[in-house]
Amino acid sequence: MYQHVTPYLGDPILSLVETFVNDKRAHKVNLSIGIYFDNEGKMPLPESVRKAAAEIGVKAQSYLPMEGHTGLREELAKLVLGDEHAAITEKRVAVVQSLGGSGALKLGADFLKKWFGQSKAYISAPTWDNHRGIFEGAGFEVGTYPYYDAQTIGIKFAEMTAFFNTLPENSIVILHPCCHNPTGVDLTPAQWDEVLEIVKTRKLIAFMDIAYLGFGDSFAEDAYAVRRAADLGIALFVSASFSKNMSLYGERVGGLLVVTPNEAEKELVLGQLKAGVRRIYSSPSAHGGLTAYGVLSNPARKQAWQAEVYQMRDRIKAMRQKLYETLSQMLPEKDFSYFIKQRGMFSYTGLSPEQVQRLQDEFAIYILQSGRLCVAGLNDGNIDYVAQSLAKVFANQ
């Protein structure tokens with residue numbers, strides 16, 4: 001009956017993790033998947049999150065409303081947009097608690113396909129692979145816009161803005177407000193100002209995926225592009241996730257925010273988003289949602305949580321610095337400054353697929369074929385080995 005079904009080739013990241021797990025070499029290092037690990041190589045749970053979860057305990061939980069926990073939705077809007085943003089005080093932000101950031105992207109993509117079905121979606125070249133999968137799965141034709149410049153290990157900014165200036169009204173552009181995945185190369189605030197003016201002038205729809213809030217600079221600085229877009233009155237969708245910054249990977253806690261022109265349109269959008277939730281999974285995680293709310297709604301705990309996130313951020317920066325220093329010492333003729341210029345959990349190494357395969361075969365170091373390395377997987381116990389192995393591979397370029 002199912003012989004005509006096309007085989008699934010697997011997700012490139014999750015499939016690589018399976019290969020890593022089956023690798024019997026004791027010195028193997030997994031730098032592929034986007035998970036934050038501490039200096040002991042363990043996935044930590046912030047103490048602030050642990051305390052919030054302990055208050056809930058293990059008990060029977062009723063279904064949350066389709067749109068999710070009311071308090072969490074309110075706190076998420078304030079976290080992303082700022083406590084006193086006009087969009088919040090004027091009650092024109094539709095917020096839905098979702099199944100992680102991926103669930104928010106799916107809900108938003110389905111909504112846009114239904115109500116802006118003739119639009120085309122555009123992702124950065126490169127981007128997180130699932131951006132294409134989610135929007136194509138919703139029925140969109142997906143194109144790419146210029147972004148990463150392999151020659152300068154920077155951004156093709158002139159090409160990017162020129163391309164945006166060619167797009168028709170209601171085209172959807174998927175943007176990374178901070179900690180670009182997979183490159184770690186971000187726009188500056190001045191560049192964001194220029195891009196967002198184009199988005200506003202061309203009447204484009206901005207869909208911002210902010211999965212790494214707090215891992216770049218500060219929470220406010222990382223949300224600069226989102227808040228600026230809301231200030232400008234741009235048609236704005238924002239997918240947010242607590243997987244990384246609260247280590248709630250398995251709880252699947254995130255949210256979708258849609259900034260609308262007025263409260264009446266907010267209600268229309270929220271109603272259709274609720275209908276979308278009902279068609280897919282009916283309601284989101286109660287335990288995960290209550291845990292996140294327990295962190296965000298308690299001022300002292302929220303402050304402690306943000307401080308813990310900054311500790312994660314600083315540890316990643318320290319690993320970047322160590323990688324840069326070791327590689328520069330071993331190969332002084334090469335410029336590795338991009339390791340400390342990039343931000344967030346990921347770094348584009350500049351390695352070719354062949355070099356990536358050599359890293360895996362000879363050194364048991366796993367990174368993506370694109371050359372993306374998860375800096376959060378480095379620690380004091382493996383950084384020297386990884387740097388030395390990278391130097392051997394870089395030496396043959």
Side-chain angles (χ1 to χ4, degrees), residues 11 13 33-36 76-77 79-81 93-113 119 121-138 140 142-145 147-148 155 160 164 171-187 192 195-196 199 204-217 219 221-230 234-246 248-249 252-259 273 276 342-346 348 372 374:
D11 179 87
I13 300 176
I33 195 166
I35 293 178
Y36 177 83
L76 177 58
L79 180 70
V80 173
L81 293 172
V93 185
V95 186
V96 173
Q97 180 188 337
S98 63
L99 302 183
S102 298
L105 287 162
K106 169 64 175 170
L107 285 173
D110 283 352
F111 175 92
L112 288 168
K113 184 59 183 177
S119 296
Y122 294 88
I123 56 178
S124 64
T127 191
W128 179 50
D129 289 339
N130 215 21
H131 280 156
R132 177 180 293 278
I134 288 171
F135 278 84
E136 284 184 343
F140 282 105
V142 178
T144 59
Y145 60 82
Y147 191 82
Y148 180 70
I155 297 172
M160 177 184 177
F164 278 13
S171 294
I172 302 159
V173 287
I174 293 88
L175 303 165
H176 304 236
C178 68
C179 305
H180 184 274
N181 181 3
T183 69
V185 181
D186 287 348
L187 298 175
W192 273 120
V195 167
L196 293 175
V199 171
L204 309 179
I205 299 172
F207 203 133
M208 297 191 175
D209 185 11
I210 189 160
Y212 304 96
L213 183 61
F215 280 90
D217 292 311
F219 279 81
E221 291 170 295
D222 289 355
Y224 175 82
V226 177
R227 298 178 183 185
R228 181 61 180 158
I234 289 170
L236 177 63
F237 287 66
V238 184
S239 56
S241 171
F242 292 114
S243 293
K244 275 71 177 180
N245 55 27
M246 285 194 185
L248 293 176
Y249 302 92
R252 310 309 298 138
V253 187
L256 174 68
L257 297 82
V258 185
V259 181
L273 292 177
Q342 296 166 349
R343 304 193 315 154
M345 291 176 62
F346 304 115
Y348 239 33
R372 189 195 83 173
C374 183

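Below, each value reflects all heavy atoms present in this structure, side chains not excepted, and no hydrogens, waters or symmetry copies.
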Kindly write out the residues that satisfy salt bridge (Lys or Arg N to Asp or Glu O under 4.0 Å) with [X], not counting sequence neighbours, or none if the list is empty.
| X | value |
| --- | --- |
| Arg252 | none |
| Asp186 | Arg343 |
| Glu221 | none |
| Lys244 | none |

Answer yes or no: is there a donor N or O on one side and an acceptor on the other, between the side chain of Asp222 and the main chain of Cys178, under 3.5 Å?
no

Only one of Val142, Leu107, Asp209, Leu105 clears side chain to side chain contact (heavy atoms under 4.5 Å, CB included) with Ile134; which?
Leu105

Checking Tyr147 now: which residues fulfil side-chain hydrogen bond (donor to acceptor under 3.5 Å, both in side chains) with it, not counting sequence neighbours?
none

If a pair satisfies side-chain hydrogen bond (donor to acceptor under 3.5 Å, both in side chains) and one of its residues is in residues 96-109, list it, with sequence neighbours excluded.
Lys106-Asp110

Taking only residues two or more places apart in sequence, or in another chain, which ones meet [X] in a side-chain contact (heavy atoms from CB on, under 4.5 Å)?
| X | result |
| --- | --- |
| Ala77 | Ile88, Val95, Leu257 |
| Ala206 | Leu175, Val199, Ile234, Leu236 |
| Asn181 | Trp128, His176, Tyr212, Phe346, Arg372 |

Closest contact, heavy atoms only, [X] versus [Y]:
| X | Y | result |
| --- | --- | --- |
| Phe140 | Ser119 | CD2-O, 3.5 Å |
| Cys179 | Gly344 | SG-CA, 3.5 Å |
| Ser124 | Pro126 | OG-O, 2.6 Å |
| Pro177 | Met208 | CG-CB, 3.6 Å |
| Tyr145 | Ile174 | OH-O, 2.7 Å |

Between [X] and [Y], is any pair of side-chain heavy atoms under 4.5 Å apart?
| X | Y | result |
| --- | --- | --- |
| Leu256 | Phe111 | no |
| Tyr122 | Phe135 | no |
| Thr183 | Gln342 | no |
| His180 | Ile155 | no |

Ring pair (Phe, Tyr, Trp, His ring centres under 6.0 Å) partners for Tyr148, two or more places apart
Tyr348

What residues, two or more places apart in sequence or in another chain, satisfy ring pair (Phe, Tyr, Trp, His ring centres under 6.0 Å) together with Tyr224?
none

Could you give all pairs that pass the salt bridge (charged side-chain N to carboxylate O under 4.0 Å, His left out) test and reach residues 124-133, with sequence neighbours left out?
Arg132-Glu136

